[in-house]
Protein chains: 2
Amino acid sequence: MSVAIDLSPAEENYLKAIYHLSADGSLEVSTNDISSRMNTRAASVSDMLKKLSAKKVIEHQPYMGVKITALGKSEALHIIRKHRLWEVFLVQKLHFHWDQVHEVAEHLEHIRSRLLIERLDEHLGFPKVDPHGDPIPDAQGRINLRPHVLISDAEVGAEGTMVSVLETSPLFLQYLDKLGLRLGCLLKLQDRVTFDGSVELLIDQNKQIIVSNEVARNVYISA
Amino acid sequence: MSVAIDLSPAEENYLKAIYHLSADGSLEVSTNDISSRMNTRAASVSDMLKKLSAKKVIEHQPYMGVKITALGKSEALHIIRKHRLWEVFLVQKLHFHWDQVHEVAEHLEHIRSRLLIERLDEHLGFPKVDPHGDPIPDAQGRINLRPHVLISDAEVGAEGTMVSVLETSPLFLQYLDKLGLRLGCLLKLQDRVTFDGSVELLIDQNKQIIVSNEVARNVYISA
DNA sequence: AAAGATAATTAGACAAGTCTAAAAATAAAA
DNA sequence: TTTTATTTTTAGACTTGTCTAATTATCTTT
Ligand SMILES: [Mn+2]
Ligand SMILES: [Mn+2]
Ligand SMILES: [Mn+2]
Ligand SMILES: [Mn+2]
């Protein structure tokens with residue numbers, strides 16, 4: 001059984017940020033990276049790193065980077081599991097739009113109740129991905145990754161279904177809707193402009209659009 | 001439209017306690033009553049009363065009692081609405097038992113999202129009462145009260161359906177289960193022992209039990 | 001009505017989480 | 001290899017919510 005870690009909501013948010021910034025725990029992360037992602041000052045991050053170190057979820061030697069521990073990784077995955085299950089609930093049961101779920105899930109994810117999450121998972125039919133295409137870790141923290149590639153990294157001529165998005169801000173997601181880009185659609189990378197990195201896409205073999213590099217860097221297709 | 005009141009979770013919990021202690025806002029409440037219900041010290045309550053006064057949700061003159069304002073009442077009802085809707089969700093959709101919902105709802109009630117509550121209400125089919133038989137205020141804070149009386153206040157010979165419970169602690173609710181007392185059953189008060197106030201009940205015209213005054217003071221039947 | 005009991009408030013402290021400003025360490029440039 | 005720039009940490013402060021101990025106000029009882 002999992003050890004009794006007791007993180008405050010603030011600590012959970014920082015830990016999750018570190019987990020994501022480190023590419024699922026593999027890289028070291030800098031104080032500034034964390035502060036810009038959390039919209040707090042570097043000084044606040046330094047304070048928080050001490051607390052997280054004391055709770056053994058990260059390793060941190062001053063002025064060197066931060067690395068998440070195995071314990072921290074498993075805690076982070078548990079929070080992410082809750083976040084994504086709530087997002088599924090909001091879309092599937094309460095008919096939220098995919099651009100409306102992130103903010104609310106950011107709060108719901110901190111509710112502590114083993115039973116609640118078990119039952120929610122069951123109620124939703126044990127979903128494997130959230131409304132943004134991100135995989136939902138199981139109760140043991142295992143994630144099942146589907147091979148995918150950013151449109152910006154794919155080669156001209158590549159084809160795949162749209163499996164997930166990196167950005168989840170309402171503005172970005174609403175723009176994707178407007179472009180006709182939604183999870184599951186078939187995308188073919190027809191051309192790339194070397195000048196600005198924008199790309200020409202064929203959607204579901206019938207609609208052709210051009211998207212900026214900024215968009216291409218935030219949309220994944222199956223590989 | 002409602003004015004922009006911004007209460008912290010702690011402030012919301014105190015306000016709700018004051019609302020309940022004052023019998024829905026009609027009575028004055030003492031500092032000690034609040035402190036014992038909230039499991040905090042009287043000094044903490046004094047501090048909190050200043051904050052709630054500043055936010056115009058209560059009226060408080062030092063050493064005199066506390067009275068909830070119209071604004072406070074409407075805020076309290078809104079929190080109670082959320083609390084009870086979440087309780088219904090937990091029982092109806094996630095199959096929680098009625099003794100498991102209160103604690104989790106105590107946290108869920110603080111999540112702020114107009115859309116979330118509107119949609120939750122809809123998802124649940126606009127329920128009128130929570131799993132403990134308590135009425136759910138509508139979005140305008142209106143409650144629809146059914147006439148009811150505590151078993152301890154009813155006359156011998158009185159009969160009615162069990163409509164709600166006052167206590168919601170797991171231990172009490174589990175005890176009611178064991179006695180066979182559940183919402184909706186038909187109860188007849190057959191006798192009362194003057195000595196200790198315990199009462200003899202006939203459940204659904206076939207099962208006879210004796211319950212203590214403590215139990216009788218926590219169960220309502222229709223009047 | 002004065003004394004004693006009870007209730008409520010203030011004073012002072014602490015932890016969590018944040019900030020600004022200053023200092024120190026590391027990295028980059030000249 | 002100095003000097004300069006950037007990054008990170010520390011120092012000190014503020015807010016919220018809590019506590020204990022001391023003080024003050026109100027209520028009860030002779
Ligand atoms: Mn969060
Ligand atoms: Mn998501
Ligand atoms: Mn609460
Ligand atoms: Mn209830």
Side-chain angles (χ1 to χ4, degrees), chain A residues 4-19 21-22 27-68 72 75-76 79 106-107 109-112, chain B residues 4-19 21-22 27-68 72 75-76 79 106-107 109-112:
Chain A
I5 299 295
D6 191 26
L7 301 175
S8 68
E11 288 169 337
E12 290 189 343
N13 287 336
Y14 273 96
L15 184 62
K16 203 159 53 102
I18 293 168
Y19 177 84
L21 288 168
S22 67
L27 306 176
E28 294 223 325
V29 179
S30 77
T31 299
N32 269 355
D33 285 352
I34 299 169
S35 87
S36 76
R37 180 181 247 252
M38 295 295 295
N39 289 305
T40 53
R41 299 310 191 144
S44 308
V45 174
S46 276
D47 291 344
M48 186 53 82
L49 294 183
K50 282 184 204 131
K51 294 172 196 161
L52 295 176
S53 271
K55 294 192 177 177
K56 312 282 187 195
V57 292
I58 61 168
E59 266 174 49
H60 174 234
Q61 40 268 77
Y63 291 104
M64 310 306 201
V66 158
K67 198 145 191 305
I68 199 163
E75 281 296 307
I79 304 159
E106 202 52 57
H107 294 100
E109 70 184 358
H110 302 293
I111 306 265
R112 294 154 179 293
Chain B
I5 298 293
D6 191 25
L7 301 175
S8 69
E11 288 168 337
E12 291 189 342
N13 287 335
Y14 273 95
L15 183 63
K16 202 159 55 102
I18 293 167
Y19 176 85
L21 287 169
S22 68
L27 306 176
E28 292 222 328
V29 179
S30 77
T31 299
N32 271 353
D33 285 353
I34 299 170
S35 88
S36 75
R37 180 181 247 254
M38 294 295 294
N39 289 305
T40 52
R41 299 308 193 150
S44 308
V45 174
S46 278
D47 290 345
M48 186 54 82
L49 295 182
K50 281 184 203 132
K51 292 172 196 162
L52 294 177
S53 272
K55 294 190 177 179
K56 312 279 188 200
V57 291
I58 61 169
E59 266 173 50
H60 174 236
Q61 40 268 78
Y63 291 103
M64 310 303 200
V66 159
K67 198 147 192 303
I68 198 164
E75 280 296 307
I79 304 160
E106 203 50 58
H107 294 101
E109 70 185 357
H110 303 292
I111 305 264
R112 296 154 179 291

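None of the values given here were measured: they were computed from a predicted structure. Order of the sequence lines fixes the chain letters, A, B, ..., with proteins taken first and strands second; residue numbering starts at 1 for each chain.
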Discussion item. Quick check: closest heavy atoms across A:G65 and A:H60, and the distance to 0.1 Å?
Written reply: O-CD2, 3.6 Å
Worksheet, complete the sentence: Rounding to 0.5 Å, atoms NE2 (B:H107) and NE2 (A:H110) come to a distance of 12.5 Å
Worksheet entry | Reading 5' to 3' through nucleotides 7-18 of chain C, protein heavy-atom contacts under 4.0 Å coded B for base, S for sugar-phosphate only, - for none | SBBB-----SBB
Practice prompt. Could you check if a side-chain atom of A:I34 sits within less than 4.5 angstrom of a side-chain atom of A:L49, using non-hydrogen atoms only?
Written response: yes
Discussion item. I'd like the 5' and 3' limits of the part of DNA chain D contacted by chain A, with heavy-atom contacts below 4.0 Å.
Written reply: D:dT7 to D:dT10
Worksheet item: Which pairs, with at least one residue in residues 27-53 of chain B and sequence neighbours excluded, count as a salt bridge (Lys or Arg N to Asp or Glu O under 4.0 Å)?
Response: none
Response to the item:
Rounded to the nearest 0.5 angstrom, the CD1-CG distance for A:I68 and A:L15 is 4.5 Å
Worksheet item: Is there a side-chain contact between A:N13 and A:E106 (heavy atoms, below 4.5 Å)?
Response: yes
Discussion item. A quick test of your reading: do over 12 heavy atoms of other residues, nucleotides or ligands sit less than 6.0 Å from CD of B:E11?
Written reply: yes
